[in-house]
Number of protein chains: 2
Amino acid sequence: MKTATRKEQIIKTAAKLFKEKGYAAVTMRDIAKALDIKAASLYNHITSKQDILKYVIISLAEEFTNGMNTIYNSSESNIHKIDQIISLHVDIAYRNPYQMASLNNDWMHLEKDVTYYLELRDSYEDNFRKIIKNGIETGELTDANPEVILFSILSALRNLYLWIPKKEDVNPAELSNNLSQVLINGIINK
Amino acid sequence: MKTATRKEQIIKTAAKLFKEKGYAAVTMRDIAKALDIKAASLYNHITSKQDILKYVIISLAEEFTNGMNTIYNSSESNIHKIDQIISLHVDIAYRNPYQMASLNNDWMHLEKDVTYYLELRDSYEDNFRKIIKNGIETGELTDANPEVILFSILSALRNLYLWIPKKEDVNPAELSNNLSQVLINGIINK
DNA sequence: CAAATAAACTAACAACCGTTAGTTTTGTAA
DNA sequence: TTACAAAACTAACGGTTGTTAGTTTATTTG
């Protein structure tokens with residue numbers, strides 16, 4: 001087990017604070033205080049506040065896009081691909097409960113990198129949309145509005161970070177199964 | 001049709017900016033500039049920046065809680081109650097696309113009123129949870145994890161504000177129907 | 001031990017923040 | 001036209017922001 005570098009500690013601490021109050025409301029002095037050092041000392045490890053946000057968000061966004069590409073290019077059924085997307089989100093949210101907040105709520109404060117972030121997000125959503133539309137065409141999925149399907153599933157998955165920390169006892173595999181059941185099979189008892 | 005007071009214009013303009021960048025990143029000078037006046041002039045109409053946030057969030061939160069109370073206390077089936085909750089969210093999100101962002105993302109910046117906000121939110125969620133649990137007991141709903149059901153539906157509904165502005169052509173009733181179909185019946189073609 | 005490097009510190013900066021005080025302009029009613 | 005109120009303005013305040021410069025302390029390496 002590699003010990004965390006000081007830079008990694010700073011980023012993790014910052015992400016925790018960003019989740020609580022958002023990027024703009026967290027000051028460099030807040031981050032420093034949480035690490036029991038002075039704000040100026042942070043600059044021995046990072047180049048700017050903006051730099052911290054970039055590290056928090058971009059690595060996560062790339063992980064989602066890479067995971068989606070692998071799933072999209074596999075030769076499984078579309079239903080199974082959706083199952084795998086759910087697992088991807090649960091897994092990443094479990095490992096990065098703080099960063100997920102910034103990914104969802106603070107991406108617009110990425111100054112130089114906001115374009116790259118939006119490219120990653122669009123690519124991700126396009127692949128998901130194609131899986132859903134293909135699933136409807138093959139008859140695997142009901143002929144509902146594909147945008148409503150995409151949006152409903154994606155909203156639930158993107159908000160997992162708000163919910164996972166409350167349930168320390170639930171394990172990721174079980175949560176993935178429960179989510180698949182609800183999101184794919186619905187909740188009505190037929 | 002009543003013409004909007006200056007205070008209402010300020011709140012609406014502020015909410016629009018809050019949606020784009022979040023409460024903390026929007027300055028009084030930003031709000032004033034969007035209205036083509038000077039920041040100091042805002043104070044002829046509102047008492048503080050905090051006051052604006054309170055007006056944006058609390059009225060909406062009360063509308064949700066009141067709507068939920070009406071639905072909860074009705075004598076319809078639990079499935080029908082869930083349908084009505086979906087319609088409630090679509091209706092409010094349609095009429096308040098900007099304020100919804102602050103309700104979701106900026107409530108923690110309510111200084112004096114954060115406790116009241118959390119009471120409203122907890123009350124809302126508790127009623128929703130009871131409807132779901134009751135639906136499972138009566139056999140209307142499948143015996144899935146009630147927290148997963150609650151969380152999945154609530155996440156989709158709370159994120160409607162991100163999605164509605166893109167779809168000017170969809171009408172609220174149709175969107176409610178599509179959402180009910182997806183969230184209640186699921187997406188698999190049985 | 002000596003030298004070099006990493007990582008903390010103090011002090012300060014220019015810019016920006018929410019807000020106030022006091023004044024001027026604008027619109028309306030008598 | 002005069003009088004009044006509403007709503008804008010200018011100027012400035014004390015505090016906070018991200019960041020830099022220069023220095024000291026702690027740790028690692030030869």
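First the proteins, then the strands, lettered A, B, ... as listed; each starts at 1. Side-chain atoms are counted along with the backbone in the values below, which use heavy atoms only and exclude waters and symmetry mates.
If you measure from atom CD1 of Ile10(B) to atom P of dA6(D), you get 15 Å, rounded to the nearest angstrom. Between the P atom of dA6(D) and the CD atom of Gln9(B) lies a distance of 17 Å, rounded to the nearest Å. Atom CG in Leu17(B) sits about 12 Å away from atom P in dG18(C), given to the nearest Å. Atoms CD1 (Ile37(B)) and C1' (dT25(C)) sit 14 Å apart, rounded to a whole Å. Summarising the geometry, the separation between CG on Asp36(A) and P on dA7(C) is reported as 17 Å, rounded to the nearest angstrom.
Under a cutoff of 6.0 Å and an axis angle of 45°, Lys49(A) and Tyr23(A) form a cation-pi pair. Annotation: cation-pi pair Lys81(A)/Tyr72(A) present, NZ/CZ under 6.0 Å from the ring centroid and within 45° of its normal.
Two different hydrophobic clusters hold Tyr98(B) and Leu60(B) under the rule that ILVMFWY side chains link at heavy-atom gaps under 4.5 Å.
Among the nucleotides dT10(D), dA8(D), dA8(C), the one closest to any side-chain atom of Arg6(A) is dA8(C).
Heavy atoms from other residues, nucleotides or ligands lying under 6.0 Å from CZ of Phe64(B) number more than 12.
Here Lys33(B) does not pair with Asp30(B) in a salt bridge; the nearest charged N to carboxylate O distance is not below 4.0 Å.
To the nearest 0.5 Å, the span separating CD1 on Ile46(A) from NZ on Lys7(A) amounts to 8.0 Å.
Taking a 4.0 Å limit (strictly below) on heavy-atom distances, residues 25-34 of chain B reaches DNA chain C at Val26(B), Thr27(B), Met28(B), Arg29(B). In the region residues 40-57 of chain B, proximity to DNA chain C at under 4.0 angstrom, judged on heavy atoms, holds for Ala40(B), Tyr43(B), Ser48(B), Lys49(B).
Defined by atom type and a distance below 3.5 Å, a donor-acceptor pair is present between the side-chain atoms of Glu62(A) and Tyr116(A).
Between His89(A) and Tyr124(A), the distance from one ring center to the other falls under 6.0 angstrom.
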